[in-house]
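Take a look at the structure below.
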Amino acid sequence: MRISPPRAARLLPTLIALLLLAACRPAVVTTAPVIAEVAPTAAPVASRPPVISTGAPPSPTPPPTATNTVAPTPEPEPTATATIVPSPTPNRDIPCSQRLADDGLLTVVTLTYGLSRDFEPRGLVPLAGYLPDDVTLGYPTELRHVAVGPLVRMIADMQAAGLRPFVISGYRSYSAQAIAREKWAEKEPDRVNILSAPPGFSEHQLGTVVDFGSPELPEIVGQEDVEFHTYFYKTSEGFWLADNAHRYGFTLSYPFEAIDVTGFFWEPWHYRYVGVEMATFLHEAGVSLTAHQLATEPPPCIPDKP
Ligand SMILES: [Zn+2]
């Protein structure tokens, strides 16, 4: 319909005002929905698995480069059902001070890349509330809550299959690791470097690692009080874990002949919770978490020396 000149004149101020409003609109209003869709649809490299969202609370001064691509979720504690987003192309030049705080699920810990003396994971719970004494052997073991549910399910399935797994060790603080190291140095000085890491260089400080035991081990090794031995891989529990642990989100941290990458000898009893997605990827690719992370993510930050 045609607008008569007097009506057009009356509408003119309104039209100008609308045009001005459109010009002044902050760009973020129109681009935000587009940015929000970029992260989930960004094409991941075929050989790389999705990265589990950190779940870390938003920082009051978030790093400018990360806010639009890795949106932190508000939950204080990540869960096994955390949002999965493809990892952005890693920027290996981001300084440590500008990186998003991560939840430790994929943190690299080796004899080169250690943890701070002050690092203590969130959400530690005593396993005694979730597992019976015949599994924990009565040890006061703690683990991060995020890994407890998957661990309990895995052990229930192992028991249903006729196995008798032990949980010998879980979270160890920096100071507890120092004590453990001394204990092993006294008990087995020739094997101390195989059995125990120096404080600050153990994945157990992350609170997501479990050392498993088997009632078959003493007979296989020929030593009554043995708890950890490479021959764990020969036990029924060791076989089962090697084949199935990834389905519950656990991965073998120190596989056979990975010492050059991890700094640790083969530990067939030492499993770390990384989530089902990552654990399955690592299992199928036949690669350790450490090797994968060092090849694809920014170099780990080395804490200040205490
Ligand atoms: Zn261990």
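In each ligand, atom 1 is the first atom listed, and ligand 1 is the first ligand listed.
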Is L151 close to F250 at the side-chain level, that is, under 4.5 Å between some pair of heavy atoms? yes
Do the non-hydrogen side-chain atoms of P126 and T141 ever get within less than 4.5 Å of each other? no
Have H283 and D243 got a donor and an acceptor in their side chains that come within less than 3.5 Å?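 Judged by distance alone, the side chains do not pair up.
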For the backbone of A197 and the side chain of Q177, can you confirm whether one donor and one acceptor N or O come within less than 3.5 Å of each other? yes
Provide the tally of protein N/O/S atoms nearer than 2.8 Å to the Zn ion (ligand 1).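 Protein heteroatoms (N, O, S) closer than 2.8 Å to the Zn ion (ligand 1) number 4.
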Indicate if Y139 and Y171 have the same hydrophobic cluster label, given that clusters are the connected sets of ILVMFWY residues with side-chain heavy-atom separations under 4.5 angstrom. no
Report all side-chain donor-acceptor pairs from residues 216-224 shorter than 3.5 Å, counting only partners two or more places apart or in another chain.
residue, atom, partner, partner atom, Å
E216, OE1, S236, N, 2.8
E216, OE1, S236, OG, 3.3
E216, OE2, S236, OG, 2.6
Q223, NE2, D225, OD1, 3.2

